[in-house]
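All remarks here apply to the structure that follows.
Below, chain A is the first sequence line, B the second, and so on; all start at residue 1.
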Amino acid sequence: MRVPMLLLPAMLLSCVAAFAQIDFSGEWAPRFYEDQPERVPGPELGDYLGLPINDAARMRADTWSASIQTLPEWQCRPHSADYIWRGPSQLRISKEVDPVTRQITAFHAEWLRSVDRTIYLDGRPHPEEYAAHSWSGFSTGKWDGDMLTVTVTHLKEGYVRRNGVPRSDLATLTEHWIRHGNWLTVVEIVNDPVYLTEPFVRTTDYELDLHQQIPPYPCGIVEEVDRPEGVVPHFLPGTNTSLAEFPAHHDLPAEAAKGGAETMYPKYQSKLRQK
Amino acid sequence: MNRGVLIAAGIALSLAVPGSIQAQRGRGGQGGAPVTPKAAAPVDLTGYWVSVVTEDWRYRMVTPKKGDYPSIPLNAEGRRVADAWDPAKDEASGDPCKSYGAGNIMRVPGNVHITWEDDNTLRVDTDAGTQTRLFRFAGSPNSSGAPGWQGNSAAQWEFAGGGRGGRGRGNAQDRGGDLKVVTTGMRAGYLQKNGVPYSGNAVVTEYFHRTIESNGDSWLIVTTMIEDPQYLNQQFQRSTHFKRLPDASTWSPSPCTAR
């Protein structure tokens with residue numbers, strides 16, 4: 001009798017931590033109430049608006065050719081953990097629960113075009129610096145009140161916009177998951193010492209959809225384009241004349257379309273008015 | 001039963017009381033004076049913040065062309081009104097602030113200054129359009145008179161672990177939480193500068209969260225849900241982020257513009 005009574009306070013105290021947890025599991029449908037043209041049909045070539053990129057990123061993007069997606073090696077690449085939130089995919093979040101403590105020990109996030117991504121909540125450390133990188137990276141989460149803060153490392157090289165604007169494999173990602181009823185908001189903060197001059201922040205919203213089922217998405221590789229072996233589609237610097245079409249079509253200064261941290265701040269509007 | 005065990009169990013039980021119960025009691029404990037919403041704040045939202053426009057850039061940093069509103073779930077009537085947008089008419093009628101109302105002001109690029117007007121009212125000033133919003137917690141007098149661009153905003157804290165209310169007790173900032181604001185009674189305005197309408201019957205629900213990052217940055221995250229059956233065919237939600245500033249050095253009040 002004595003031992004169970006001693007355990008009682010510990011059991012009750014363990015409940016306190018549980019109060020600070022919220023259940024994110026469910027079927028979540030993307031809502032494209034922001035950046036619909038970029039996210040659904042896809043971004044236009046040369047659209048780097050609002051991206052805090054440096055010259056190296058701009059050069060990579062300017063020399064990118066969409067035809068690279070037809071290479072067999074590229075056809076089945078999933079979106080990386082940072083981009084996929086913004087992509088046109090349904091989301092399923094499931095949870096792992098410890099059968100004894102009944103605490104949530106991990107969330108799994110899975111989109112239509114992605115690999116399973118585990119967010120560990122059990123306090124495990126991140127791998128060593130030279131451990132393998134993956135499309136989903138390595139994610140650990142901790143509770144900050146009702147908000148879940150996730151740290152992602154070990155990402156393969158990806159992109160911050162799917163028109164060739166790169167994100168390096170040295171980048172790290174911080175996420176804040178927020179739920180209000182049937183709405184999920186995810187704040188993403190990408191830090192990339194190679195291609196970004198400032199953290200890149202986006203917030204994306206999903207709505208709970210009880211009828212949603214994510215279909216299978218098997219990916220088969222086919223030869224889409226008949227080209228000599230070893231050819232990698234690209235443009236040499238300064239040769240892609242299509243880059244000028246985006247700012248011209250939308251009556252934007254060409255300089256603004258090139259992005260850069262300055263273009264993210266309200267003060268830049270006064271520069272726009274002078275042009 | 002061992003007396004020490006009883007004491008430990010009692011302490012644990014008091015810690016395990018759900019936040020909702022503690023938050024709604026409205027007393028400072030031990031029969032003290034009620035704790036004000038300002039004192040009960042589970043998160044400090046005050047200070048200067050700047051919007052960082054990484055989303056909808058082409059719809060926020062410049063004025064989009066008439067009829068360009070692909071992200072907004074307008075119904076047929078909403079599209080009809082948006083397609084008839086005439087900024088010259090707004091200027092002529094003295095209504096250049098239509099896109100600076102509560103339905104859109106947090107999307108307008110600019111600086112935001114959040115302060116406590118009094119113990120029951122949080123004040124939000126914007127330099128873009130020089131607007132003022134008052135978030136009134138329970139106990140704060142309601143505004144009256146004709147509808148204004150910012151409408152009437154009812155505020156309540158949401159405490160981590162459950163619980164709502166404008167009053168509470170205990171060390172609220174240790175528990176964390178967010179601010180919920182429901183705004184009604186606005187003048188009809190625009191969801192986007194190019195005349196995308198919301199009606200005077202629209203209801204705007206907002207949640208204000210704050211994050212603190214390992215590099216010292218802090219972000220204000222504002223999630224905005226708009227219900228307006230007159231012009232929208234479903235609930236419309238956007239989330240907007242602001243970076244905390246150390247001071248007012250970039251504060252630059254400017255009047256509303258219709259174009």
Side-chain angles (χ1 to χ4, degrees), chain A residues 1-2 5-6 8-13 15-16 18-22 31-37 39-40 47 49-52 143-147 149 151 174 176 178 180 183 185-187 189 191 198-205 207 250-252 256 263-270 272, chain B residues 1-2 5 8-9 11-13 15-16 18-19 42-43 50-58 61-62 64-65 70-73 108-111 127-128 158-162 175-178 180 205 207 209 211-215 217 219 221 223 225 235-241 243 250 252:
Chain A
M1 188 62 189
R2 191 177 179 86
M5 290 306 295
L6 285 169
L8 180 62
M11 290 169 65
L12 289 169
L13 279 168
C15 295
V16 176
F19 288 137
Q21 295 183 354
I22 231 173
R31 293 290 179 249
F32 304 107
Y33 299 148
E34 297 173 354
D35 285 334
Q36 192 271 355
R39 297 168 63 193
V40 183
D47 172 8
L49 294 170
L51 300 179
W143 294 101
D144 180 8
D146 282 343
M147 184 166 64
T149 295
T151 302
T174 300
H176 299 289
I178 299 165
H180 288 288
W183 289 91
T185 299
V186 174
V187 182
I189 305 171
N191 284 281
E198 288 189 19
F200 176 46
V201 183
R202 284 181 291 208
T203 55
T204 308
D205 303 306
E207 186 175 12
H250 297 288
D251 292 334
L252 295 168
T263 67
M264 303 190 303
Y265 291 97
K267 205 173 164 186
Y268 191 69
Q269 285 182 306
S270 57
L272 289 168
Chain B
M1 186 182 297
N2 183 301
V5 171
I11 293 169
L13 268 172
L15 288 169
V43 57
V50 63
S51 49
V52 179
V53 186
T54 58
E55 300 165 339
D56 278 346
W57 195 100
R58 196 156 60 75
M61 291 293 277
V62 295
K65 295 173 186 170
S71 300
I72 302 177
V108 177
N111 291 280
D127 61 357
E158 294 195 317
F159 298 96
R175 292 157 55 199
D178 62 87
K180 179 180 181 181
T205 303
Y207 297 93
H209 286 259
T211 78
I212 296 175
E213 308 303 325
S214 56
N215 67 352
D217 286 350
W219 295 90
I221 309 299
T223 303
M225 303 166 180
Q235 191 181 58
F236 174 50
Q237 168 155 334
R238 296 186 286 203
S239 44
T240 311
H241 49 280
K243 186 176 182 180
T250 60
S252 178

Worksheet item: Is there a side-chain contact (heavy atoms from CB on, under 4.5 Å) between B:E55 and A:T203 once you walk through the steps?
Response: CA-CA 8 Å; B:E55 300 165 339; A:T203 55; 3.4 Å; yes

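- When each of B:R58, B:Q235, B:K65 is checked for heavy-atom pairs under 4.5 Å with chain A, B:R58 comes out on top.
- A side-chain donor-acceptor contact under 3.5 Å links A:R39 to the backbone of A:E34.
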Discussion item. Run the side-chain contact (heavy atoms from CB on, under 4.5 Å) test on B:Q237 and A:R31 for me, step by step, so that the C-alpha distance in whole Å, both residues' side-chain angles and the decisive distance to 0.1 Å come before the verdict.
Written reply: CA-CA 8 Å; B:Q237 168 155 334; A:R31 293 290 179 249; over 6 Å; no

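- Per-residue heavy-atom pair counts under 4.5 Å with chain B were compared for A:F200, A:F32, A:Y265, and the maximum is reached by A:Y265.
- If you measure heavy-atom distances from B:E213 to chain A, the contacts under 4.5 Å come from the side chain alone.
- Neither the backbone nor the side chain of B:D127 comes within contact range of chain A; no heavy atom of the residue lies under 4.5 Å from a heavy atom of that chain.
- There is no contact between B:I72 and chain A, counting heavy-atom distances below 4.5 Å.
- Only the backbone of B:T240 comes within contact range of chain A, with heavy atoms under 4.5 Å apart.
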Discussion item. Evaluate A:T204 against A:T185 for side-chain contact (heavy atoms from CB on, under 4.5 Å), listing each step before the verdict.
Written reply: CA-CA 6 Å; A:T204 308; A:T185 299; over 6 Å; no

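- For B:T223, the part lying near chain A is the side chain, with the backbone staying farther off; criterion is any non-hydrogen pair under 4.5 Å.
- In terms of heavy-atom pairs under 4.5 angstrom with chain B, the leader among A:E207, A:K267, A:Q36 is A:Q36.
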Worksheet item: Taking it one step at a time, do A:V187 and B:W219 satisfy side-chain contact (heavy atoms from CB on, under 4.5 Å)?
Response: CA-CA 10 Å; A:V187 182; B:W219 295 90; 5.8 Å; no

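- The closest donor-acceptor contact from the side chain of A:D205 to the backbone of A:W183 lies at 3.5 Å or more, if one exists at all.
- For chain B, the option among A:I189, A:T174, A:V40 with the highest count of heavy-atom pairs below 4.5 Å is A:I189.
- For B:W57 (side chain) and A:T263 (main-chain N/O), a donor-acceptor pair under 3.5 Å exists by modelled atom type.
- Contact count against chain A (heavy-atom pairs under 4.5 Å) is highest for B:V53 among B:N215, B:D178, B:V53.
- For B:V52, the parts lying near chain A are the backbone and the side chain together; criterion is any non-hydrogen pair under 4.5 Å.
- Heavy-atom distances place the side chain of A:D251, and not its backbone, under 4.5 Å from chain B.
- Counting only distance, with no hydrogens or angles, the side chain of B:H241 and the backbone of A:R202 share no donor-acceptor pair below 3.5 Å.
- The contact between A:I178 and chain B is made entirely by side chain atoms (from C-beta outward), counting heavy-atom distances below 4.5 Å.
- When ring centroids are compared, A:H180 and B:H209 come within the 6.0 Å threshold.
- Residue contact with chain B, scored on non-hydrogen atoms closer than 4.5 Å, involves the backbone and the side chain of A:V201 alike.
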